[in-house]
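As the structure is a prediction and not an experimental result, all values here were calculated from the model.
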Amino acid sequence: MLEIVALFGLFSWGMNSDRLAWKHAGVILLLSCLFGGLGGMIAGGEEVPVGVAMIFTIAFELVLETVVFFVGFGIGRYRARKAGISNIEDTFG
């Protein structure tokens with residue numbers, strides 16, 4: 001449940017961001033380490049060492065959260081650009 005909430009939060013944060021900054025990368029890295037580490041501890045066991053499972057789940061989380069953030073960022077930039085063009089046409093057209 002927390003993972004889904006974090007993904008929704010990243011998506012909406014990406015939609016509302018006007019430019020990329022280091023804080024975006026830091027938050028994505030922090031969340032991927034947190035959720036990936038917890039998932040790796042849960043997934044690891046006797047067959048797969050916990051360290052290996054943690055590395056793979058952190059990498060998976062990093063890719064997943066980055067994709068979700070950039071999809072939201074792309075949609076937000078597209079909507080802002082489209083709204084800017086329509087405002088110019090309303091003002092000068």
Side-chain angles (χ1 to χ4, degrees):
M1 283 303 253
L2 290 175
E3 174 74 24
I4 294 170
V5 170
L7 290 176
F8 277 126
L10 282 173
F11 182 78
S12 64
W13 190 31
M15 283 187 65
N16 294 323
S17 296
D18 56 345
R19 62 184 177 91
L20 296 176
W22 285 106
K23 64 182 174 183
H24 298 109
V27 168
I28 289 171
L29 187 62
L30 176 77
L31 286 174
S32 67
C33 287
L34 176 70
F35 289 122
L38 291 174
M41 287 176 26
I42 292 169
E46 297 174 6
E47 298 174 4
V48 179
V50 174
V52 174
M54 287 176 72
I55 290 171
F56 282 113
T57 54
I58 287 172
F60 174 74
E61 289 290 331
L62 185 61
V63 169
L64 178 69
E65 291 172 1
T66 303
V67 165
V68 166
F69 176 78
F70 279 118
V71 165
F73 184 75
I75 291 171
R77 293 291 293 173
Y78 174 75
R79 290 176 65 194
R81 190 178 70 194
K82 191 168 178 92
I85 291 171
S86 67
N87 288 340
I88 289 172
E89 289 174 356
D90 290 341
T91 304
F92 298 109

Evaluation steps, side chain to side chain contact (heavy atoms under 4.5 Å, CB included), between V27 and W13:
CA-CA 11 Å; V27 168; W13 190 31; 3.8 Å; yes
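- For the pairing with L10, the side-chain contact (heavy atoms from CB on, under 4.5 Å) check across T66, V5, L31 returns one residue only, L31.
- The CG atom of L38 sits 5.0 Å away from atom CG of L34, with the distance rounded to the nearest 0.5 Å.
- Note that the SG atom of C33 and the CD1 atom of I58 stand 5.0 Å from one another [nearest 0.5 Å].
- Among all heavy-atom pairs drawn from A53 and G40, the shortest one is CB-O, 3.6 Å.
- Here CD of E65 is found 9.5 Å from CG of L29. Values are rounded to the nearest 0.5 Å.
- Ring geometry, F69 versus F73: the interplanar angle falls under 30°, so the pair is classed parallel (tilted spans 30 to 60°).
- Cluster partners of V67, using a side-chain heavy-atom cutoff of under 4.5 Å among ILVMFWY residues and allowing indirect links, are L7, F11, M15, F60, V63, L64, V68, V71, I75.
- Checked against side chain to side chain donor-acceptor pair (under 3.5 Å), S17 has the following partners two or more places apart in sequence or in another chain: H24.
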